[in-house]
There are 2 protein chains.
Amino acid sequence: MRKQKKGCDVPDATILRLPLYLEKLKLLQAIGVEDVSSRQLAESLDIKASQLRHDFHYFGGFSRPGRPYQVAKLVPALEKIIGIAEPVHSIIVGAGHLGQALANYQNLDVQGFPIKGIFDVNPKLIGLDFRGAVVQDMDEMEAVIDKEAVKIAILTVPAVHAQAVTDRLVAAGIVGIFNFAPMDLKVPANVAVRNERMAVGIMSLSFKVKCILQNSEEKEEAEDL
Amino acid sequence: MRKQKKGCDVPDATILRLPLYLEKLKLLQAIGVEDVSSRQLAESLDIKASQLRHDFHYFGGFSRPGRPYQVAKLVPALEKIIGIAEPVHSIIVGAGHLGQALANYQNLDVQGFPIKGIFDVNPKLIGLDFRGAVVQDMDEMEAVIDKEAVKIAILTVPAVHAQAVTDRLVAAGIVGIFNFAPMDLKVPANVAVRNERMAVGIMSLSFKVKCILQNSEEKEEAEDL
DNA sequence: TCAAAGCTGTTAATTTTTTGACAGGTCGTG
DNA sequence: CACGACCTGTCAAAAAATTAACAGCTTTGA
């Protein structure tokens, strides 16, 4: 028996580029482009063509030598690889400001992640309607996960409750957690977690801002001589 | 003249870990821990101690051989490196659901990024108050950036307007843009952009979910034999 | 028909990042 | 004091990712 199913032993860096490829390809498709070469696609994403071909090679390639990629074939192929050929039923846990914002963010649906429920413990929030999804009591969560075959949970609860909620989600059969709480979650090996840490993002930006400001100061000093 | 100011020529992967170090250290500080060894800190973050020391080495090291790190010294040192020793004045551009959620997310202030203004073109949103910050007309933006010496803009406008707004921000002297629009922004070399793409995050999660489900299916089949 | 231009899949070379190893320094204890 | 346990800074080795190179296929146009 092989360790991993075909096409699953792929570096993280490549996985993170797949959505970018798909996004750009959908854009091309929308404006009627039929064919696209690795160079065209790569340049529009500011990466090297060889890297794109190398990435695709993990999945066996999507064309044959001599012919550019066909957008109409590439889009569904990537969707299948990413796992969104069929809609991936999802829920939002935590209906605070961020949870509400995400519930209102219709793109999630469009991208293949229909929101099958929003849950919170706060009675004041229960019943609020976001684009058709009504906030329910957290007690209903397990039932909805089961009934709707929910696979992914978007976690926007306060950090202190994140682990407890996670344990419930895992027990209920959730396979992927998109975690917005600034906290490392403990999960079994057969559950995937993706941390979305705002703080990391803005701090890494701050680092670069600091460097830019330092450099420009230095430059000014040099000019003052 | 050297190419880059000291401590700015650091790999991205290291930069992305600095906020994690800082976060964990603040946590330790809060519970009264005074000293921490590279191994303790690294293990709590699920990385290798040698990597942590290697990361710190880019900045000259924060202790001396034989002595563990002192939390009280490390925290301000990292804050200085990241560039948040002094508050980094920031604004939010786009007061839609996501902009509102971020405005309500007090952590930004706490982490060193006080929000000096929220801007939108929609008259219905202007005047809304989020934790003391009132939504203003986009016409006021440049004036506020100038007056408050704003360095970072958090961009939550629709993708179609993102580039136009970016051009205005750059012209007004913004140095860093935290971009939530699903779009690549064109900026001059002396402006830093950090893209926060929800779609990339949830799709990379989806990929792993797909692999987990495939593997478990395979396992079940094997057991059925 | 032939050459030129352009393309992919694939492998090799290069670069970058991570990990390991270790020379010394420090501390607590007997 | 001497020993063992533990520590950091540093550099070398290993692993991983990116980039380059190229064989061979396809189309176009003279």
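Here is the naming used below: chain letters follow the sequence lines, and residue numbers restart at 1 for every chain.
Between A:F59 and A:G7, the closest heavy-atom pair is CE2-O, 3.6 Å. Between B:P68 and B:S63, the shortest heavy-atom contact is O-OG, 3.3 Å. Closest approach of B:F178 to A:I202, counting heavy atoms only: CZ-N, 3.8 Å.
We find that A:K48 and A:E43 are not joined by a salt bridge, their nearest charged nitrogen and carboxylate oxygen being 4.0 Å or further apart. Salt bridge absent: A:D46 and B:K186 never bring a charged side-chain N and a carboxylate O closer than 4.0 Å.
Closest to the side chain of A:K48, out of D:dC7, C:dG20, D:dT19, is D:dT19. Relative to the side chain of A:Q51, the nucleotides D:dT8, C:dT17, D:dT19 differ in distance, and D:dT19 lies closest.
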So which protein nitrogen or oxygen atoms get under 3.5 Å of nucleotides 9-13 of chain D's nitrogens or oxygens?
unit_1 : atom_1 : unit_2 : atom_2 : d
D:dG9  : OP1    : B:F62  : N      : 3.0
D:dG9  : OP1    : B:S63  : N      : 2.7
D:dG9  : OP1    : B:S63  : O      : 2.7
D:dG9  : OP2    : B:Y69  : OH     : 2.8
D:dG9  : N7     : B:R53  : NE     : 3.1
D:dG9  : O6     : B:R53  : NE     : 3.3
D:dG9  : O6     : B:R53  : NH2    : 2.9
D:dT10 : OP2    : B:H57  : NE2    : 2.6
D:dT10 : O5'    : B:H57  : NE2    : 3.4

Review item, nucleotides 3-5 of chain C N/O atoms under 3.5 Å of protein N/O:
none

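Applying the 4.0 Å criterion to OP1 and OP2 of D:dC6, one finds that B:R39 has every side-chain N and O outside that range.
Remark: P of D:dT26 and CD of A:Q70 are 13 Å apart, rounded to the nearest angstrom. Across the protein-nucleic acid pair, A:I15 atom CD1 and D:dT18 atom P stand 12 Å apart, rounded to whole Å. In this structure, the CG atom of A:D12 is 15 Å from the C1' atom of D:dA15, given to the nearest Å.
Side-chain rings of A:F56 and A:Y58 stay apart, their centers remaining 6.0 Å or farther from each other.
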